[in-house]
Structure formats: C-alpha cells, structure tokens
Amino acid sequence: MNRARNRILFRIIVTVLILLAGLTGAFLFFQIQKKLAERKKPDVLFSEYMDSVKGADYKAMYEMLTDQSRINISEEDFTARNKNIYEGLEVSDIKTEITNVEYNDKKAVLSYEMEYKTAAGTISFKNKAEYERDRKKGYQLIWSDSLIFPELLRGDKVRISVDKAIRGTIYDRNGNVLAGKGTASSIGLVPGKMSEDPSGDMETLSGLLGIPADSIKKKLAAKWVKEDSFVPLKTLKKVDEFNLVSSQPREDNVKNKELQDKLLAIPGVLISDTPVRFYPLMESGAHLVGYVQNVTAEDIKEHPDEDYLTDSVIGRSGMEALYEKDLKGINGRTVSIVDGNGTEKKILAAKSRMDGKDITLTIDSELQASIYNTFSEDKSTTVAMNPVTGEILALVSTPSFDDNDFILGMSNDTWNALNTDERKPMFNRFRQKFAPGSSLKPITAVIGLNTGAIDPNEDYISSGLKWRKDESWGNYYVTTLHDSSPLNLENALIYSNNIYFAKAALKIGAKDFMAGLDKLGFKEDLPFEITVAKSQYSNGDTIDSEVQLADSGYGQGQILMNPVHLASLYTMFTNKGNVIKPYLLYKKEPASEIWLKDATTPEIAETVASDLVKVVSSEHGTGHAINRSDIQLAGKTGTAEIKASKSDTTGTELGWFSVFTTDQAVEKPILLVSMVEDVKNRGGSGYVVRKDKVVLDAYFTKKQ
C-alpha cells in the first residue's frame, strides 16, 4: 500500500518537474527571441555608420564590421583608406536615404542613395550594404571598398586632378600690363653634366646664388633626381637683351647679365625660362600695384574655403591684395576612379576651372613712370587725378622697391637693405597723412566764405612778416615769407601769406572752422578703393587754443591730411563747388560721382579758383614757375614746418604743390598733388613746383 502510494507520488513529482522544465525552456526561448528582436536593425546600424563617416570617427566605423572583414583589412589600413578618400575629396554635407532592406536567414541587404559635396562638385550614387547576422552580436557590416563608391575595387584608387586657375591680369587705362604673365630665368643643375669633383663648383655656386652649399647638395640628393634631371636652385630676373644694347642700360640688368654669365661658366649649370608674375613698372608702380607671394600654412588656415593650394600665390599688397578674390580665380578639379595601372575607370565629379578676372585701372602707366622718375631721389608722394571725372591717373610713392624681387625670392641682403634704408622705400606715403601747410589755405578760404566770416575784398592791413594777436600769446608769432598790400584774399593766396589765414581762422572761430572741416570729410574714411589715413585737425577731438586755431588756418598746428583727400577737395574748384569722388577701376564711359555735394557754392568756388589761377599766372605767384601759355593752370604751394616745438629751428620742411587744369573741356584735364619731405634749404615748395613742371611738360606733350 505504501509502496503504491510512493510510486504515485514519484510520478507526480516527475510530471511537475517536466512541466517546470518545459515552462523554463519556453521562458528562456522567448527571452532569447525577445533580445534578438530588440537588437538594432541594419537601417539603424547603417545610420550610425554614416554618422561616424560624417564625424570622421574611423575607429567606430571599424568596430561595426564583421569579424571576417576585420581579418581582411586592418584597422590602420581601413582608417587610411577612408580618411584619404573622404578627407582628400573634402567631403561635406553628406546625405543618405535608405530605400529598401531585404532579409534572409543570415544576411540583410540594405539599398541606399547617397549624395555629398566635394572639392570637385556634388557626387551622388545608388549603392548597397550587406549585413551579416551573428547570434550573439546581432547584425554586422560586411566591409568592401565598394561601400565608398560602387565601382571602387580593392586595388583601385581615387584620383583628384587639379586644373589650376590662371591669375587675372591688371591693366592700365591704355591696355598696358601692370601685373601679368612674365618670364624669369630658372637657375639649375643637371647632375650628369657636372664635373667629376664638383666640391669647388658647389662653393662657387653657393656664393653666386646666396644659397648654402649643403642646401644645393640636399636638392641634388632627392629621390626623383636622375643624371639628366634639371634640378632648380633659384629664380632670377630674365636678362633684358634689348635694354643691354640701349644707350643707357639699367645697372641692375647689366649686373644680372654678368651674374648669369658667371653661372653658365660652372659645369652642369643650366638656365631655362620659367613663367612668373611680372610687374613691368617695377619701382614706379610697386606701392600701387603691389605683389604676390606663395601662400603659407597660416594663409591656408585663415582662408579655409577659398581654394588655396600649397603652391598657390596670394596678393600681399597694393592692387594684388585689394582685388585678390577677383584675380585669383577658382581651380578646376576632377575626381575619378583609376585602376592599379593608372587607367581611368570612371569620372565621379568634375568642376571646370574659372580663371581670374582681369582688372583695368584708371592709371596712366606712362604718367606713373614719369612722376616716379622725376621724384625718384626724393621722399615724396604724388596723386594725379582727372578733376572732372575723379579718375586716379597715378599714385606714386618714392623711394620705392622692385615688386618683382618678391616674386623671385628676395635675398637677405636686399631685404635688409630695404628695411634699414633711412629713406623708408617700403613706406607707402600716399596712404599716410602729413601737415599740408599752405596747401590748406584754399580750404580755409572756402570755409570762411561759406560762413561769411571772410570778405574777399577786406584788407587785413599788413603787419609785416610777423604777427601775434596780443601779449597773451607770449613770445609766439605767426611768421610769413612774403607781404603784400592790400592784404586781401587774392593777394594772400598769390603771396601765400600765413598771417592773413591765421587772422581768417580766428574770425571764423574754432567751432565753425572744425564744422567746416568735418563737412569736408575730416575724421572720416575716404570713399576710395584703397584705405588711406583719415585727415585730422587735432590730435584730440577739438582745436583747444587760439594759437592752435591760428596755425590751423594756414595748414600747421595739428592739421594732418592725406594727399588723396586733399586732391579730392581741390576738385570743387572745377566742379562748381561739388567734391568729386576719386576712383581706380576703369570705366569705358567715365562719369563723375559726387562725394560732397555743395561743399561750397559755384560762386565761391569760382572766386577761389580765380585767385588760384593768379598763384600760377602772376609773376608774384608762388607757383609761377609752372605757368603755361597754352593751358590755363591754377594751383597752390605749401610749406609745412616739422619741428619738435614752436621754438625749434632745426626741424625739416615738407614741400607741397597742388596744381590743376581749370577748363573742363581741356583735352587732358589733370590735377596733381605732390608732397616732398626735407625741402628745407632746397627751395621749399618751389622745389616741388619745378618737379611738377617737368611732369606736366611731358604729360601735355604726349598725344592723347
């Protein structure tokens, strides 16, 4: 009985255990299925993979691959392959769209469309990605090179070809090149033609070229160099053969010829032509035209999206820098797949090059060169302008430098000589501001006549060659070189009487005088393509004393003016009181643009202009040396004292002369403003008048 009961109990226990085991197995089975179902699907994994592509996270990409894929390609090779292609193409703005996912027992095939921007344009394609299902790890990506591009095989490469844009040319108004294509001499060695023991030749070559002998040997030892290779060492100016046979060959050209003859005497030296940026005006146009140089790593970093290559050039100064974006152009690029033999399989993207734009300036290069040659020994600046249209005909700063030297690679000796020269040849004077001296007197006259403070016929009564208002000025006197009677506006301009304009400034008053100068663009940016210094009437905000105001009336005190600004103000005398805006970009049909409308009335402009004509035409006029019988000129001289204090007698002087044609219908209207430093004991402003006479004689003689 007990035995039967035990059997029944045993069977019950076994049955229960079987049921529990079944339930546990079923539970575990469903849990496994649940976990498998919860694992990421291929579409999610692919999106994560593409996020890693966008973030250049190559390690994360590699970890998504199947075990077999990671056996087939190392992480280092995988990273290099993807990095070189994606970053080499400058891939950005990646967009993907999954179009389908097909599943079978162990794999999934994901179809997608992809598009992104590259340096050569937009690339788009359809592609597929295969995923393998692992029971423990879920879906993993099967790697192949075709994931990058459908046609890309393991032995293929992605090639990027660059078609470099040609830099635009800068022309003058007559079509003469100011900056463009030129030819230089590339000095190099052909190893197979060198002497058997070249050590002595290396030292000679080093001395002639200013290159260390070790540097020359290093270049010859480069892997690419063969016996018949041309190994470039340095670029020199091409010898101007026509200049050599002229009556007055340039000294630098003669020396260059001698140097190249010495170089050719060394066994193995070869001189070949090489294209370079060339500046025909050389020293006469350097400050205006500027120059280009090879880009640096810093340049590329500062202009990340402007398509500069490691061997690109960039404008460093002048017009080359100002119009860099227009001149540089856009490089063309082609992205293609090539096989192991270098044969092109498919072009993926192509962008045609866009050459830089040509720029034409209002500059007359002959006038530019004429001014430079006339003032080359001086520290000076000259602005030449068409007073009717506002076209800038010349902008010259002397002394100067040859901008071609920056293209060819300036030697340390040349660079040091430029920077230690006390005359400051690298200093661009037409962008600066200087004390205008008596050149400001016509402007003071305009302000006085505008406010009614000056009556042009009033006789200020001569006080001799020195004057002070009263004893409150202490020992300070305003002095002048020439006196006249009556001392009215006309004679004050003809004789350039400082005392008259000191008294006139006091009559105008500091408030109205400053307001008048403000109206004429002082303390403001000049509306001009080149950034120039703002003109000022005080080192602070105001004219603080009677003495400063009196001195300001004749262009001393703390008055400082930019010469382009001064030239612009003088246009009011030929444009019925309107100040014309200066400009540099050439227009086939030049039309004046008013900068300061009604700076004065037509009547006042005519009054002052008539007096300025007499400054030139009168035998007593300070500008009489430039007087002509065929063309009416008007002008004003100016001498500004530069001294440490009012009692300083050792200071230097700036000489100014502003001269212009008065008739708008004249065949070649021109306005010149010239400033020369250190004219003391050289005739003052008269020195500048004589120089400008040389310039204008040549300019008017030349046919239109």
Side-chain angles (χ1 to χ4, degrees), residues 371 374-383 396-399 421-425 427 429-430 432-444 465-467 476-483 492-502 505 533 535-537 539 547-548 550-563 565-567 570 615 621-626 635-659 672-695:
I371 293 171
T374 303
F375 289 93
S376 61
E377 299 302 317
D378 298 303
K379 292 183 287 184
S380 79
T381 183
T382 295
V383 179
V396 181
S397 178
T398 64
D421 189 333
E422 62 179 12
R423 301 182 309 150
K424 298 182 179 180
F427 185 59
R429 288 172 167 81
F430 61 71
Q432 312 308 318
K433 55 187 177 183
F434 305 90
S438 298
S439 294
L440 188 75
K441 289 175 180 175
I443 309 305
T444 301
L465 301 181
K466 57 185 293 189
W467 170 83
Y476 181 68
Y477 288 81
V478 175
T479 61
T480 191
L481 292 175
H482 307 286
D483 194 13
L493 286 169
I494 292 172
Y495 290 91
S496 197
N497 192 296
N498 292 342
I499 295 172
Y500 177 94
F501 285 96
S535 298
Q536 67 170 64
Y537 47 74
N539 295 335
V547 169
Q548 185 184 348
D551 286 343
S552 298
Y554 57 94
Q556 291 277 180
Q558 295 173 16
I559 298 272
L560 297 174
M561 285 201 75
N562 173 264
H565 183 196
L566 182 61
Y570 268 69
V615 170
T622 54
H624 184 63
I626 206 169
K636 184 68 194 77
T637 55
T639 304
E641 295 180 318
I642 308 299
K643 50 188 182 181
S645 65
K646 292 187 180 296
S647 59
D648 180 17
T649 59
T650 62
T652 185
E653 292 179 349
L654 307 180
W656 290 81
F657 188 45
S658 304
V659 59
L672 280 183
V673 171
S674 296
M675 186 282 300
V676 178
E677 298 179 31
D678 301 331
V679 295
K680 191 174 184 179
N681 301 321
R682 291 199 292 163
S685 58
Y687 176 84
V688 190
V689 175
R690 292 190 294 275
K691 292 275 187 174
D692 277 345
K693 175 176 171 54
V694 173
V695 171

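This chain uses plain numbering: 1 for the first residue, then up along the sequence. This one's a predicted model, so the numbers in the text were calculated from it and none came from an experiment. Values below: every heavy atom of this structure, side chains too, minus hydrogens, waters and symmetry copies.
- Here I443 contributes atom CD1 and I559 contributes atom CD1; the two are 10.5 Å apart, rounded to the nearest 0.5 Å.
- Proximity of a side-chain donor or acceptor of N498 to a complementary backbone N or O of T479 within less than 3.5 Å is detected.
- Atom OG of S380 and atom CZ of R423 lie 10.5 Å apart (nearest 0.5 Å).
- Between W656 and F434, the two ring planes are perpendicular [angle over 60°; tilted spans 30° to 60°].
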**Message:** Using side chain to side chain contact (heavy atoms under 4.5 Å, CB included), reason through Y570 and V383 one step at a time and then give a plain yes or no.
**Reply:** CA-CA 12 Å; Y570 268 69; V383 179; over 6 Å; no
**Message:** Is there a side chain to side chain contact (heavy atoms under 4.5 Å, CB included) between V694 and F375? Walk through the geometry before answering.
**Reply:** CA-CA 10 Å; V694 173; F375 289 93; over 6 Å; no
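- At least one side-chain heavy atom of K691 sits under 4.5 Å from a side-chain heavy atom of D378.
- The two residues E653 and G684 have their closest heavy-atom pair at OE1-CA, 4.4 Å.
- Shortest non-hydrogen contact noted between N497 and T480 is CA-OG1, 3.5 Å.
- In this structure, a donor-acceptor pair under 3.5 Å is absent between the side chains of S376 and T398.
- The distance from the CZ atom of F430 to the CE atom of M675 is 12.0 Å, given to the nearest 0.5 Å.
- Across every non-hydrogen atom of V676 and R682, the tightest pair is CG1-NH2, 3.8 Å.
- I499 and L465 make their closest contact through CD1-C, 3.9 Å (heavy atoms, listed as atom of the first residue, atom of the second, distance).
- Between the T637 side chain and the F657 main chain, no donor and acceptor come within less than 3.5 Å of each other.
- Counting heavy-atom neighbours within 6.0 Å of K424 NZ, excluding the residue itself, gives a total of 12 or less.
- Residues L440 and S552 share a closest heavy-atom pair of CD2-O, 3.3 Å.
- A distance of 7.5 Å separates NZ in K433 from OG in S535, rounded to the nearest 0.5 Å.
- At distances below 3.5 Å, at least one donor-acceptor pair connects side-chain atoms of Q556 with backbone N or O atoms of E641.
- The minimum heavy-atom distance between A435 and I642, with the atom names listed, is CB-CD1, 4.1 Å.
- Note that CD of E677 and OG1 of T381 are 9.5 Å apart. Values are rounded to the nearest 0.5 Å.
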**Request:** List the steps and the verdict of side chain to side chain donor-acceptor pair (under 3.5 Å) for D678 and T652.
**Result:** CA-CA 5 Å; D678 301 331; T652 185; 2.7 Å; yes
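- The structure places CG of D692 at 5.0 Å from CG of L672, a figure rounded to the nearest 0.5 Å.
- Side-chain atoms of S496 and T622 form no donor-acceptor pair, as typed in the model, at a separation below 3.5 Å.
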**Request:** Please report the C-alpha distance between K441 and Y500 in whole Å, then the side-chain angles of each, then the deciding distance to 0.1 Å, and finally whether the side chain to side chain contact (heavy atoms under 4.5 Å, CB included) criterion is met.
**Result:** CA-CA 10 Å; K441 289 175 180 175; Y500 177 94; over 6 Å; no
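- Residues T639 and K680 have side chains that never bring a donor and an acceptor to within less than 3.5 angstrom of each other.
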